[in-house]
Amino acid sequence: MKEQLTTLIEQSEELRSSLTALLPMLRAISGGYPAVFVAEKSDTLPSLVNMVFESDSITPDAVKKAYAEADLDEAAHASALLVCGDTAALISLSPICYCDAVKCGKALIAASKGDKSLLDSYTAPEVCGTAKRLKGKVAIVTGAAQGFGAGIADSMASEGAHIVIADLNGDGAKEAAEELCRKYGSHAAVAVTANVSDEESVKAMVEAAVLAFGGLDVLVNNAGIVRAGSLAEMQKKDFELVTAVNYTAYFLCTKYSVIPMKAARAVCPDITSDIIEINSKSGLAGSNKNFAYAGSKFGGIGLTQSFALELAEYGIKVNAICPGNFLDGPLWSDPEKGLFVQYLNAGKVPGAKTVDDVRKFYEAKVPLGRGCRTEDVARAILYVIEQQYETGQAIPVTGGQEMLK
Ligand SMILES: NC(=O)c1ccc[n+]([C@@H]2O[C@H](COP(=O)([O-])OP(=O)(O)OC[C@H]3O[C@@H](n4cnc5c(N)ncnc54)[C@H](O)[C@@H]3O)[C@@H](O)[C@H]2O)c1
């Protein structure tokens, strides 16, 4: 039975696609629930929806009793409880847990008494505290295994969001997600190995997010790469790689992320969602011997404005954040591949003889005198999400280095 169901889900494109829209609708109707139960071993995603139960009533005590009677630990076994009017559906993220989930669901529904407050008792308090600014929001952060993405994911999780860490570096993503779960509770994050420039991979990433947390509220399109070099040095394959990861991937991630966002909006017209591109100050002004990167980022602002126009009617705001140089991050400071080394070798900084010379040159360009930090970017992200009256913007976070004309 378990094997048949697993095969069914893996092979059924249609079923997976319909879940990507169905779950966000159920979550929207139920006022933001679920997104509260996440299987501990969620790397077995995606799995299945197992049943829809008719429910008269639910109480916290009844649920606790049901779990106790079924001899189950809810954190390990149940994944998501959808409550839609007087109907509840139990979602299992792990095929291994299928039988347990059914057992548990039956016990739960049999004992239920129709009180949504029970769900509050199951949200992890350390994640969903009262003052959290992103309480219960589900966010994909691409390229979040390290650098800006990891910092953004951490800041968002600390504000109560459930994070999908999506990265080409699967091991790094897993480590980053585990770290967030240690810090903010077991529902804080899951990891997905994803290549944002590959359409199938992006589709699977969005499906995994929805199956993990029931919907999607925020896409932070952060994954990005740099290949610096002059016209003479730049190879076509490097130019195309930068374009694929920084520009085309933004289109792909947005194309699939809006499916659950639109689905939620279709049943709850008040719901708003956010697409946030981590752009760059190089998207606002040209960058000497770094045109592949700057071109991809300028293009990203064109996409941001165009997506914003198309998606406004669905309550999806689309904004770009344009950070200044993250001089302490691995993109700059990696001793082998970092930009300090690349720029030194490319002769981009006149007279620079060491990596330190290159660093000082870049610090001196910033009116506020330092490199951009992840917390600076995180503040802009919170602003964009909370601001209900702005879309299509490119917001500089550059210490004054780049100012809007
Ligand atoms: N570092 C800066 O100074 C700076 C400044 C402005 C803007 N930005 C932008 O911020 C974003 C993050 O930069 P960073 O400095 O943190 O970079 P980083 O190199 O430290 O991290 C990038 C992450 O993206 C992942 N990644 C790369 N290609 C991928 C792909 N195809 N699919 C999925 N994941 C992929 C990497 O594995 C890595 O974990 C980028 O969009 C970058 O352009 C960076």
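Residue numbers count from 1 along this sequence. First listed ligand is number 1; within each ligand, the first listed atom is number 1. Remember, predicted model here, so these are calculated numbers, not experimental data.
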In terms of side-chain heavy atoms, does [X] have a donor or acceptor partner in [Y] at a distance below 3.5 Å?
X	Y	result
Thr243	Glu240	no
Gln387	Glu390	no
Asn195	Ser201	no

Contact table, ligand 1 N/O with protein N/O, distance under 3.5 Å:
residue  : atom   : partner : partner atom : Å
ligand 1 : 3 (O)  : Phe326  : N            : 2.7
ligand 1 : 3 (O)  : Trp332  : NE1          : 2.5
ligand 1 : 16 (O) : Phe148  : N            : 2.7
ligand 1 : 19 (O) : Gln146  : NE2          : 3.3
ligand 1 : 20 (O) : Gln146  : NE2          : 2.7
ligand 1 : 21 (O) : Gln146  : NE2          : 3.4
ligand 1 : 31 (N) : Asn195  : OD1          : 2.9
ligand 1 : 32 (N) : Ala194  : O            : 3.4
ligand 1 : 32 (N) : Val196  : N            : 3.0
ligand 1 : 34 (N) : Leu168  : N            : 3.2
ligand 1 : 37 (O) : Asp167  : OD1          : 2.6
ligand 1 : 39 (O) : Asp167  : OD1          : 3.3
ligand 1 : 39 (O) : Asp167  : OD2          : 2.6
ligand 1 : 41 (O) : Asn222  : O            : 2.7
ligand 1 : 41 (O) : Lys297  : NZ           : 3.0
ligand 1 : 43 (O) : Tyr293  : OH           : 2.5
ligand 1 : 43 (O) : Lys297  : NZ           : 3.0

Legend entry - Residue pairs fulfilling ring-ring contact (aromatic ring centres under 6.0 Å, His included) with at least one residue in residues 227-286, sequence neighbours excluded: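 Output for this query lists Tyr250-Phe307.
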Legend entry - Any residue meeting side chain to side chain contact (heavy atoms under 4.5 Å, CB included) with Lys360, in chain and number order, not counting sequence neighbours: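 Once residues adjacent in sequence are excluded, the partners of Lys360 under the side chain to side chain contact (heavy atoms under 4.5 Å, CB included) criterion are Asp356.
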Under 3.5 Å, side-chain donor or acceptor atoms of residues 145-155 against the rest of the protein: list the pairs with distances, not counting sequence neighbours.
residue : atom : partner : partner atom : Å
Asp154  : OD1  : Tyr184  : OH           : 2.6
Asp154  : OD2  : Lys183  : NZ           : 2.6
Ser155  : OG   : Gly151  : O            : 3.1

